[in-house]
A.B. asks: 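My questions will all concern the structure given below.
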Amino acid sequence: MSVTLVRLGRLSAALLSLILLATSPLRAQSPEYFVGGLLGYQSGAAIQLFGQANGFAQGLPLPVRVRLGWASVEPGDAAAARRVFINNATNGTPVESGRTLDLGLEVLHTLGPRTVAYAGIRRTSFRANFKFIGGNEDFDVVSSHWGIALGAETSYPMGARTALMVSGGFELFKSSRLSGHDTSYSPDGDNANPREEYRYPDADAAVAQPRLRPALMVGLRYRLGG
């Protein structure tokens, strides 16, 4: 936990430095609005949709972007999750899946004619599903996380309004409560109905909640308006 907090602190400082650098006075410009979508890898196959506004508010020189995302991710260890959240049974064939749903807000800073850096916050919902075919078990383990994101992207014009985007970066998430069936484990030890002598480190090891994850995406951006 202490290592994660140190990383969060360092990345928060980097985010603050980027914001201070990008808020230098700029000449007035007409607002621009963009929409787009990205496909790629985010600890698994991922898709994102976004809306972006440039120069839409006086005194706010930073372009602002909102992202919505979905990713198919590794859920964790089915047998360990069953022991920690349900019981010690071993029958049945495990089938597992995982996904995240993301909401992001970020600011952009121009690095070159076609390249920008981005920094922002993320709110992510994680869900892992574990089924044991023939074992009469089907349960979810869920968690919600705050995180920060840093990265850069390059755009290649394809027309008057459309551009190809190549984006890369990473996201760092804070550990959070893991809940499954009628059991939950919290990083601060405030557990509910824990199984046997299991504690949060056991739940954390059993389930692949998001921590530090890369984001490598390719997509299209479209400029709205005139």
Side-chain angles (χ1 to χ4, degrees), residues 3-4 6-19 21-22 34-54 62-77 96-129 143-159 161-176 204 207-223:
V3 174
T4 299
V6 169
R7 288 176 177 172
L8 280 171
R10 289 175 178 172
L11 290 177
S12 297
L15 173 59
L16 179 59
S17 297
L18 178 60
I19 292 174
L21 176 64
F34 302 86
V35 294
L38 298 161
L39 296 172
Y41 177 83
Q42 197 176 28
S43 294
I47 182 171
Q48 294 183 357
L49 301 175
F50 68 84
Q52 178 180 326
N54 298 3
L62 292 170
V64 176
R65 183 163 59 194
V66 176
R67 292 189 190 228
L68 296 174
W70 173 92
S72 174
V73 299
E74 170 63 33
D77 185 326
E96 56 189 43
S97 62
R99 64 96 177 120
T100 56
L101 296 176
D102 307 315
L103 175 63
L105 176 65
E106 56 201 30
V107 295
L108 294 86
H109 175 61
T110 300
L111 299 178
R114 297 180 179 176
T115 304
V116 299
Y118 67 82
I121 59 174
R122 297 285 188 268
R123 180 63 172 173
T124 293
S125 171
F126 167 76
R127 181 182 298 274
N129 178 257
S143 59
S144 296
H145 304 262
W146 286 104
I148 59 176
L150 293 171
E153 61 192 37
T154 300
S155 60
Y156 301 91
M158 300 175 63
R161 294 177 178 271
T162 307
L164 174 69
M165 297 173 59
V166 178
S167 177
F170 64 91
E171 302 164 338
L172 178 63
F173 295 95
K174 183 179 179 181
S175 297
S176 182
D204 182 45
V207 180
Q209 63 174 315
R211 292 187 183 86
L212 178 64
R213 65 180 188 180
L216 302 172
M217 313 288 287
V218 177
L220 294 175
R221 183 186 66 202
Y222 181 80
R223 180 170 58 85

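As the structure is a prediction and not an experimental result, all values here were calculated from the model.
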A.B. asks: Using 0.5 Å steps for rounding, measure from the CG atom of Leu101 to the OG atom of Ser144.
C.D. replies: 10.0 Å
A.B. asks: Pair Arg213, Phe170 - check side chain to side chain contact (heavy atoms under 4.5 Å, CB included), show working.
C.D. replies: CA-CA 6 Å; Arg213 65 180 188 180; Phe170 64 91; over 6 Å; no
A.B. asks: Test of understanding: with side-chain hydrogen bond (donor to acceptor under 3.5 Å, both in side chains), list the residues that count as partners of Thr124, not counting sequence neighbours.
C.D. replies: Asp102
A.B. asks: Is the cationic atom of Arg223 (NZ for Lys, CZ for Arg) positioned less than 6.0 Å from the six-membered ring centroid of Phe34 and within 45 degrees of its normal?
C.D. replies: no
A.B. asks: Answer with yes or no whether the side chains of Arg127 and Ser143 bring together a donor and an acceptor at under 3.5 Å.
C.D. replies: no
A.B. asks: CE/Met165 to OH/Tyr156 distance, rounded to the nearest 0.5 angstrom?
C.D. replies: 11.5 Å
A.B. asks: Taking the side chain as every heavy atom from C-beta outward, state whether Leu164 and Val218 have any atom pair closer than 4.5 Å.
C.D. replies: yes
A.B. asks: Over all heavy atoms of both residues, which pair between Ala71 and Ala46 is shortest? Give the atoms and the distance, please.
C.D. replies: CB-CB, 3.8 Å
A.B. asks: Under the side-chain contact (heavy atoms from CB on, under 4.5 Å) rule, collect the residues that match up with Ala152, sequence neighbours excluded.
C.D. replies: none
A.B. asks: Taking the side chain as everything from C-beta on, heavy atoms only, tell me whether His145 gets closer than 4.5 Å to Thr100.
C.D. replies: no
A.B. asks: Kindly state each residue pair satisfying salt bridge (Lys or Arg N to Asp or Glu O under 4.0 Å) with at least one member in residues 35-44, sequence neighbours excluded.
C.D. replies: none
A.B. asks: How many angstroms lie between atom NZ of Lys174 and atom CD1 of Ile148, to the nearest 0.5 angstrom?
C.D. replies: 12.0 Å
A.B. asks: Within the 4.5 Å heavy-atom criterion, are Met158 and Leu220 side-chain neighbours or not?
C.D. replies: yes
A.B. asks: With Asn129, which residues qualify under side-chain hydrogen bond (donor to acceptor under 3.5 Å, both in side chains), at least two apart?
C.D. replies: Lys131, Asp138, Asp140
A.B. asks: Not counting sequence neighbours, which residues clear salt bridge (charged side-chain N to carboxylate O under 4.0 Å, His left out) with Arg122? List them please.
C.D. replies: Glu106, Glu171
A.B. asks: If you round to the nearest 0.5 Å, how far is CH2 of Trp70 from CG of Leu49?
C.D. replies: 12.5 Å
A.B. asks: Check side-chain contact (heavy atoms from CB on, under 4.5 Å) between Ala208 and all other residues, then give those that pass, not counting sequence neighbours.
C.D. replies: Glu74
A.B. asks: Kindly write out the residues that satisfy salt bridge (charged side-chain N to carboxylate O under 4.0 Å, His left out) with Arg114, not counting sequence neighbours, or none if the list is empty.
C.D. replies: none
A.B. asks: Not counting sequence neighbours, which residues clear salt bridge (charged side-chain N to carboxylate O under 4.0 Å, His left out) with Asp204? List them please.
C.D. replies: Arg211
A.B. asks: Can you confirm whether Asp77 sits close enough to Glu96 that some side-chain heavy atom of one is under 4.5 Å from a side-chain heavy atom of the other?
C.D. replies: no
A.B. asks: Listed by chain and number, what are the side-chain contact (heavy atoms from CB on, under 4.5 Å) partners of Tyr41, not counting sequence neighbours?
C.D. replies: Pro214
A.B. asks: Going from OH on Tyr118 to OG on Ser167, what distance comes out if it is rounded to the nearest 0.5 angstrom?
C.D. replies: 4.0 Å
A.B. asks: Could you work out, with side-chain hydrogen bond (donor to acceptor under 3.5 Å, both in side chains) as the rule, every residue matching Thr115, not counting sequence neighbours?
C.D. replies: Thr154
A.B. asks: With sequence neighbours excluded, what pairs up with Leu105 under the side-chain contact (heavy atoms from CB on, under 4.5 Å) test?
C.D. replies: Val64, Val66, Ile121
A.B. asks: Please name the pair of heavy atoms, one in Val207 and one in Ala128, separated by the smallest distance, quoted to 0.1 Å.
C.D. replies: CG1-CB, 4.4 Å
A.B. asks: From Leu68 CG over to Leu103 CG, what is the distance, rounded to the nearest 0.5 angstrom?
C.D. replies: 6.0 Å
A.B. asks: Could you walk me through whether Phe126 and Val73 pass side chain to side chain contact (heavy atoms under 4.5 Å, CB included), step by step?
C.D. replies: CA-CA 9 Å; Phe126 167 76; Val73 299; 3.9 Å; yes
A.B. asks: Would you mind reporting whether Arg221 and Arg161 have side-chain heavy atoms less than 4.5 Å apart?
C.D. replies: no
A.B. asks: Could you pull out all residues at least two apart from Arg99 that satisfy salt bridge (charged side-chain N to carboxylate O under 4.0 Å, His left out)?
C.D. replies: none
A.B. asks: What heavy-atom pair brings Leu150 and Ala119 nearest, and what distance separates the two atoms?
C.D. replies: CD2-CB, 3.4 Å
A.B. asks: Taking the side chain as everything from C-beta on, heavy atoms only, tell me whether Leu39 gets closer than 4.5 Å to Met217.
C.D. replies: no
A.B. asks: Taking all heavy atoms of Pro63 and all of Asn54, pick out the closest pair and write down the distance.
C.D. replies: CB-OD1, 3.1 Å
